[in-house]
Each structure stands twice: as C-alpha cells, then as structure tokens.
K.L.:
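Take a look at the following structure, please.
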Amino acid sequence: MTRHLKGLQISSLAPWFGSSRMISHHIGEQLQGCDWVGIPFCGGCSEIPHIRARTIVANDKHRHLVNFAMVAADPTLGPVLYRSLKRAPFHP
C-alpha cells in the first residue's frame, strides 16, 4: 500500500458487484506512470484512490453513483452529506 493511502478506511464507494475492491491496488500499480486514465464503468470507484494520474475520467451508466462520488469528494458538500447520513437508519 502506498504512503498516501495509509488510513484509508473504505474500500469502495458503493457495494457494487465486480467493483474490484480486492485488486484495486494492483490496478493502480499497473497504471503507474500514465498521464491520463479513462474508466468507462467505474462501479464502486474502488480503484480511483489507487490511481496516480494527472487526469482521471470516470463514467458509469448509473449517473447517481457518479453524482454521489462528486458530492462525497467535495470539501463542502461531503461533510454535509456525511452528517445527514450519520443520523439516517442503516442496515448492512
């Protein structure tokens, strides 16, 4: 695991089948040195934190997942989302 990912507590943004949570660090290793990476089907977005590229373009058929990822990464909206979800009932 690379230095910048120590303490990463989540392995996937959404529990998606085929989200490559178990091999996401290998994907980052294979793409090391790329300037541009395109991910046509990002699924649970588990590989994105492991990819070190200047430009990463991620897309998915399910626009709600991409919108969720954008809000979760936003420095203002992310904490608001976290606080509101923290109070919501949850069942694993």
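Position 1 is the first residue of the sequence, and the numbers go up from there. When reading the values below, keep in mind they use all heavy atoms of this one structure, side chains included, and skip hydrogens, waters and symmetry mates.
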K.L.:
Please list all pairs meeting salt bridge (charged side-chain N to carboxylate O under 4.0 Å, His left out) that have one or both residues in residues 22-42, counting only residues at least two apart or in different chains.
P.N.:
Asp35-Arg54

K.L.:
Hey, what do you get for NE2 (His25) to CD (Glu47), rounding to the nearest 0.5 Å?
P.N.:
13.0 Å

K.L.:
Residues in side chain to side chain contact (heavy atoms under 4.5 Å, CB included) with Ile48, at least two apart?
P.N.:
Ile39, Cys45, Ala58

K.L.:
Measure across Pro79 and Pro75 and return the closest heavy-atom pair with its distance rounded to 0.1 Å.
P.N.:
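Scanning both residues completely, I find the closest heavy atoms to be CD-O, 3.3 Å.
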
K.L.:
May I have the list of side-chain donor-acceptor pairs in residues 66-74 shorter than 3.5 Å, sequence neighbours left out?
P.N.:
unit_1	atom_1	unit_2	atom_2	d
Asp74	OD1	Thr76	N	2.9
Asp74	OD1	Leu77	N	2.8

K.L.:
Hey, any chance Leu31 and Ile23 share a hydrophobic cluster, counting ILVMFWY side chains that come within less than 4.5 Å of each other, even indirectly?
P.N.:
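Per the 4.5 Å side-chain linkage, Leu31 and Ile23 are co-clustered.
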
K.L.:
If every non-hydrogen atom of Ser46 is compared with every non-hydrogen atom of Ser24, which pair is closest and at what distance?
P.N.:
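Result for this residue pair: O-CB, 3.4 Å.
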
K.L.:
What's the verdict on side-chain contact (heavy atoms from CB on, under 4.5 Å) for Ile56 and Trp36, showing C-alpha distance, side-chain angles and the deciding distance?
P.N.:
CA-CA 6 Å; Ile56 300 173; Trp36 186 93; over 6 Å; no

